[in-house]
Amino acid sequence: MNTSSPDLLPDTNAGHATAAGILRSGRLVAFPTETVYGLGADACDDRAVARIFEAKGRPSFNPLIVHFANLDTLKQHVHWTPEAELLAQTYWPGPLTLVLRKQADSPISELVSAGLDTIAVRLPAHDSARAILRSFGGGVAAPSANRSGQISPTSAQHVVASLGARVDAILDGGPCKVGVESTIVGLTDKPILLRPGGITEQELAETLGRHLAVRHKAEAISAPGQLMSHYAPKALVRLNATEWEPGEIRLGFGEVDCDLNLSRTEDLVEAAAHLFDYLHRLDAMGGGTIAVSPIPHEGLGIAINDRLSRAAAPREG
Ligand code: TXA
Ligand code: MG
């Protein structure tokens, strides 16, 4: 990480091309959308996505929204539905995010959806965002560009104040128009409003010709535990394993003998990048217990341990 301040890129063709190049090299770029500034990374690059969580200092892995410039490209990653088509035709580009089932062969990082089989996608309206996304070509994962627990940024200066040199560059496109995050609608079952935002529930209901279910406050997105409970390995999970029991499937960290190693060099960004993919792969081996090496409880290790302790928690019914 560079220790000075991030590069401020101008809102010009050259600035957009530079931003796209930084994304292509696996680094982070903050950019304006019509809602708030996003902290972007190549959604298909596991390590780049892990760096988002490191930069935000989030104590858990909330799934991220993937941004596209082009609807046909977006559709390649999800199971598209007639209701998605209706909402997309009405509100995109714009401040609406759709949660859809992920295509099994989509190369989008498992960390983006925190192990779930769905992804949140949107086509933002902001000209600079669209220019960067077009130049980049693929999907860009981007949460709001602030440290965890701070308010969402609506100017490049807010991003500098919150993230400083944790972000490699910021495209300065002036203030954001909407100022509140996108409305999130889940379309994996009956339409459900997952987060209120720039587009109202009433507008959505009119477009769809039906009421939306509304996620209850207690299950709100701010309580990621609720969301995470959707994915847990079938196998039992044993944490802080310093030696292996016979028959266990072994998820290692550091210089240990194991089935898959989160990071032989004890690099927490690498470990986070592999986490969900490896849990899925080890679970598919069909064993009774996945034992996991101790992970240091610092930096990204806090989010990794949060996820692992959920995976190890006693199961309901
Ligand atoms: O306006 C916005 O949406 C901004 C700009 C940058 O696009 N982005 C934003 O991202 O607000 P973030 O990470 O702060 O919020 C994304 C929310 C999270 O709270 C997460 O729980 C939810 O989207 N989300 C993402 N993927 C999901 C999924 N597969 N299922 C359910 N919820 C999901
Ligand atoms: Mg946020």
Side-chain angles (χ1 to χ4, degrees), residues 28-41 43 49 52-53 55-58 60-69 74 77-79 91-103 106 108-126 128-130 132-133 139-156 158-159 162-163 167 170-171 173 176-189 191-199 213 215 219-231 276 303:
L28 305 182
V29 180
F31 60 93
T33 77
E34 70 277 28
T35 58
V36 300
Y37 273 70
L39 177 61
V49 175
I52 290 180
F53 290 97
K56 283 189 69 86
R58 255 185 192 170
S60 62
F61 295 115
N62 252 4
L64 305 174
I65 298 170
V66 186
H67 301 67
F68 292 88
L74 179 154
H77 297 278
V78 295
H79 289 279
Y91 299 106
W92 278 353
L96 177 69
T97 295
L98 301 179
V99 173
L100 295 160
R101 281 204 195 289
K102 185 175 165 178
Q103 288 278 0
S106 166
I108 287 178
S109 169
E110 291 259 14
L111 189 54
V112 164
S113 29
L116 300 168
D117 60 358
T118 56
I119 43 173
V121 288
R122 94 176 182 95
L123 226 74
H126 195 288
S128 321
R130 288 172 61 77
I132 295 169
L133 291 167
V140 172
S144 51
N146 53 282
R147 289 282 283 173
S148 178
Q150 298 184 354
I151 54 165
S152 294
T154 54
S155 73
H158 293 163
V159 181
S162 185
L163 290 174
V167 55
I170 304 171
L171 194 294
C176 301
K177 278 208 193 95
V178 180
V180 292
E181 283 92 345
S182 60
T183 303
I184 305 181
V185 175
L187 290 177
T188 53
D189 188 10
I192 175 168
L193 183 69
L194 296 174
R195 177 174 75 181
I199 294 164
R215 182 166 14 203
E219 315 165 79
I221 290 152
S222 58
Q226 298 281 336
L227 198 57
M228 295 311 162
S229 66
H230 289 241
Y231 167 69
F276 290 100

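Along the sequence shown, residues carry numbers from 1. Just so you know, ligand 1 is whichever comes first in the structure, and atom 1 is the first atom listed for that ligand. Worth saying up front: this structure is predicted, and the values here are computed from it rather than measured.
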Legend entry - Proximity of R58 to ligand 1 by residue part, where a heavy atom lies under 4.0 Å: side chain

Inset, instruction - State the atoms of ligand 1, each with its element, that fall below the 4.0 Å cut-off from a heavy-atom position in H67. - result: 5 (C), 6 (C), 7 (O)

Legend entry - Polar proximity ligand 1 side, T33 side, N/O cut 3.5 Å exclusive: no

Inset, instruction - Heavy-atom contacts with A120 under 4.0 Å: which atoms of ligand 1 show up? List them by number with element. - result: 25 (C), 26 (N), 27 (C)

Inset, instruction - Using a strict cut-off of 4.0 Å, indicate which atoms of ligand 1 neighbour a heavy atom of T35. - result: 1 (O), 2 (C), 4 (C), 5 (C)

Legend entry - Sole residue of S162, P32, S144 in side-chain contact (heavy atoms from CB on, under 4.5 Å) with P153: S144

Inset, instruction - Flag T97 as yes when one of its N or O atoms lies below 3.5 Å from any N or O atom of ligand 1, and as no otherwise. - result: no

Inset, instruction - List the steps, then state whether side-chain contact (heavy atoms from CB on, under 4.5 Å) holds for L64 with V66. - result: CA-CA 6 Å; L64 305 174; V66 186; 5.9 Å; no

Legend entry - Closest to atom 14 (O) of ligand 1 among S144, G115, A142 (heavy-atom distance): S144

Inset, instruction - With heavy atoms of I184 as the reference, note each atom of ligand 1 found under 4.0 Å away. - result: 17 (C), 22 (C), 23 (O)

Inset, instruction - For R195, take its heavy atoms, then give the atoms of ligand 1 lying under 4.0 Å from any of them. - result: 2 (C), 3 (O), 9 (C), 11 (O), 15 (O), 16 (C), 17 (C)

Legend entry - Passing candidate, side-chain contact (heavy atoms from CB on, under 4.5 Å) with L187, options V78, V99, L100: L100

Legend entry - Distance-only polar pair, side chains of T97 and S182, donor-acceptor under 3.5 Å: yes

Inset, instruction - Using a strict 4.0 Å cut-off to heavy atoms of V36, name the atoms of ligand 1 that fall inside it. - result: 4 (C), 5 (C), 6 (C)

Legend entry - Verdict with reasoning, V121 to W92, per side-chain contact (heavy atoms from CB on, under 4.5 Å): CA-CA 11 Å; V121 288; W92 278 353; 4.2 Å; yes

Inset, instruction - Return yes if some donor-acceptor pair links the side-chain N/O of Y37 with the main-chain N/O of N146 below 3.5 Å, else return no. - result: no

Inset, instruction - May I ask you to check whether R122 and T33 show a side-chain donor-acceptor distance below 3.5 Å? - result: yes

Legend entry - Nitrogen or oxygen atoms of T118 and ligand 1 under 3.5 Å apart: yes

Inset, instruction - Answer yes or no: is there a donor N or O on one side and an acceptor on the other, between the side chain of K102 and the main chain of I108, under 3.5 Å? - result: yes

Inset, instruction - Give a yes or no answer on whether the side chain of E34 reaches the backbone of A125 with a donor-acceptor pair at less than 3.5 Å. - result: yes

Inset, instruction - Give yes or no for whether the N/O distance cutoff of 3.5 Å, strictly under, is met between E181 and ligand 1. - result: no

Inset, instruction - May I ask you to check whether R122 has an N/O atom sitting below 3.5 Å from an N/O atom of ligand 1? - result: yes

